Amino acid sequence: MTELLIVRHGRTPANAAGLKQGTINTPQTYLSEVGRAQATELAAHLDLSGASALYVSPLERTKQTAAILNAQAQLPVIEDARLLEISYGQWDGQLNADLMAQYPEHFYPLIEDVKPSYATVAGGESFAAVQARVKSFTDEIAQAHPTEQVVVVTHGFTVRSFAANVVNCQALEILEPANCSVSKIIIDPTTHEQHLVYYNRTATISF
């Protein structure tokens, strides 16, 4: 059995401002002091001594979070582009509230987030494309680590895509996890059968 501990990165100034971060990798999307504190708090509660590797998105906010979590465990760190956040295309870096006001037909008002149709307007990545690259990553990791625990540090929509693949739904049917929350998936490396053990746990909850 492969065990994935999937962590969303810590809070950034762009998170606080309500921007669509997407794949932007500028100082506004690096960890804020709040984000560093969140990662430090999680590191104090999350035991990584049983893990064999840490996989991380190439963006700075995830690498900063991973470095804090890995300070004690010193796991080998592997960057993987399949763990990138969804790219919102032309909407990357724009205020979510402004986009909702301008394109209300492409947003779910209840959760204030994009519908799949947004991609045709913004030139962004489709939900299905994110879920497909996450599935490719998951299948490969299960083969490479068939009996091991692996840590993954990634992004909000990407975490949702991991969970959506398990329960066979669309990613935005699952609400966005909190910054520096942890979700756990177990995988049978032979059949690729997956189970979502928990989702969106924070440092105040036992792992």
Side-chain angles (χ1 to χ4, degrees), residues 4 6-32 35 55-66 79-141 152-181 183 185 194 196 199-200:
L4 298 185
I6 307 166
V7 180
R8 185 187 176 197
H9 64 79
R11 191 168 176 84
T12 70
N15 285 146
L19 297 180
K20 289 287 189 200
Q21 290 185 103
T23 55
I24 292 174
N25 200 33
T26 62
Q28 195 174 20
T29 68
Y30 300 171
L31 293 191
S32 63
Y55 288 81
V56 62
S57 156
L59 300 183
E60 191 65 22
R61 56 191 181 268
T62 45
K63 292 195 290 184
Q64 289 175 320
T65 303
E79 291 185 24
D80 195 306
R82 290 172 294 184
L83 298 174
L84 283 166
E85 179 60 296
I86 187 172
S87 170
Y88 294 102
Q90 298 167 20
W91 290 7
D92 273 2
Q94 296 195 47
L95 283 168
N96 193 67
D98 289 350
L99 292 167
M100 281 188 65
Q102 189 173 357
Y103 303 99
E105 69 275 20
H106 297 295
F107 278 80
Y108 294 111
L110 187 62
I111 61 171
E112 300 184 342
D113 213 340
V114 292
K115 295 179 178 179
S117 61
Y118 98 93
T120 60
V121 177
E125 189 176 14
S126 70
F127 293 6
V130 182
Q131 288 184 230
R133 59 176 162 87
V134 166
K135 181 182 184 303
S136 169
F137 172 85
T138 304
D139 290 346
E140 186 176 303
I141 295 305
V152 175
V153 183
T154 184
H155 306 269
F157 194 94
T158 319
V159 176
R160 293 160 115 166
S161 296
F162 273 101
N165 283 345
V166 177
V167 300
N168 194 29
C169 71
Q170 176 230 108
L172 285 196
E173 292 178 58
I174 299 171
L175 293 186
E176 185 167 68
N179 290 112
C180 273
S181 63
S183 301
I185 291 172
Q194 300 181 48
L196 182 63
Y199 180 80
N200 195 30

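Here, residue 1 is the first one in the sequence, and each next residue gets the next number. Predicted model only: the values in this text are computed from it and were never measured. Side-chain atoms are counted along with the backbone in the values below, which use heavy atoms only and exclude waters and symmetry mates.
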task: Report the relative orientation of the aromatic rings in Phe137 and Phe162; use parallel for angles under 30°, tilted for 30 to 60°, perpendicular for over 60°.
output: perpendicular

- request: Report the distance from atom OG1 of Thr65 to atom CZ of Arg11, rounding to the nearest 0.5 Å.
  value: 13.0 Å

message: side-chain contact (heavy atoms from CB on, under 4.5 Å), that's the test. Do Asn15 and His9 meet it? Break it down for me.
response: CA-CA 11 Å; Asn15 285 146; His9 64 79; 3.6 Å; yes

- prompt: Quick one: does Lys63's side chain get under 4.5 Å of Pro58's, heavy atoms only?
  reply: no

message: Show the nearest heavy-atom pair for residues Pro177 and Gly156, with the distance to one decimal.
response: CD-O, 3.7 Å

- prompt: Do Tyr118 and Tyr103 have ring centres separated by under 6.0 Å?
  reply: no

- prompt: Which heavy atom of Ser181 sits nearest a heavy atom of Ala178, and at what distance?
  reply: OG-O, 2.7 Å

message: Testing the 3.5 Å rule here: is there a donor-acceptor pair between the side chains of Asn25 and Glu60?
response: no

query: If you round to the nearest 0.5 Å, how far is CZ of Arg160 from CD of Gln170?
result: 9.0 Å

statement: Closest heavy-atom pair, Ala163 versus Leu196, reported as atoms and distance to 0.1 Å, is CB-CD2, 4.1 Å

- request: Rounded to the nearest 0.5 Å, what's the gap from SG on Cys169 to CD on Gln131? Could you check?
  value: 7.0 Å

field: Chi angles and distances behind the side-chain contact (heavy atoms from CB on, under 4.5 Å) call for Ile6, Tyr199
entry: CA-CA 9 Å; Ile6 307 166; Tyr199 180 80; over 6 Å; no

task: Identify the two heavy atoms, one from Gly10 and one from Leu31, that lie closest to each other, and give their separation to 0.1 Å.
output: O-CD2, 3.3 Å

- prompt: Is it the case that His106 and Ser117 place a side-chain donor and acceptor less than 3.5 Å from each other?
  reply: yes

task: Show your reasoning for whether salt bridge (Lys or Arg N to Asp or Glu O under 4.0 Å) applies to Lys20 and Asp98.
output: CA-CA 11 Å; Lys20 289 287 189 200; Asp98 289 350; over 6 Å; no

message: Looking at Glu112, is its backbone amide N or carbonyl O close enough to the side chain of Asn96 to form a donor-acceptor pair, meaning the two atoms are under 3.5 Å apart?
response: yes

- prompt: Roughly how far apart are Tyr55 OH and Leu4 CG, rounded to 0.5 Å?
  reply: 10.0 Å

message: Is the shortest side-chain heavy-atom distance between Asn165 and Val134 below 4.5 Å?
response: yes

statement: The reported gap from CD1 in Ile111 to CD in Glu173 (rounded to nearest 0.5 angstrom) is 9.5 Å

field: Greater than 12 external heavy atoms within 6.0 Å of Lys135's NZ
entry: no

field: Audit row: Trp91, Val114, side-chain contact (heavy atoms from CB on, under 4.5 Å) steps and yes/no
entry: CA-CA 11 Å; Trp91 290 7; Val114 292; 3.8 Å; yes

task: Give the minimum heavy-atom separation between Glu85 and Arg61, together with the two atoms involved.
output: CB-NH2, 4.0 Å

query: Under 3.5 Å, is there a donor-acceptor pair between the side chain of Thr62 and the main chain of Ser57?
result: yes

Gln21: which of Thr29, Leu59, Ile86, Asp92 passes side-chain contact (heavy atoms from CB on, under 4.5 Å): Thr29

message: How long is the straight-line distance from CG of Asn200 back to CD of Glu176, given to the nearest 0.5 Å?
response: 9.5 Å

task: For the pair Ser87 (side chain) and Thr23 (backbone), establish whether a donor and an acceptor sit closer than 3.5 Å, ignoring hydrogens and angles.
output: no

message: Quick one, Leu84 with Arg133, criterion side-chain contact (heavy atoms from CB on, under 4.5 Å). Give me CA distance, side-chain angles, the key distance, then yes/no.
response: CA-CA 9 Å; Leu84 283 166; Arg133 59 176 162 87; 4.2 Å; yes

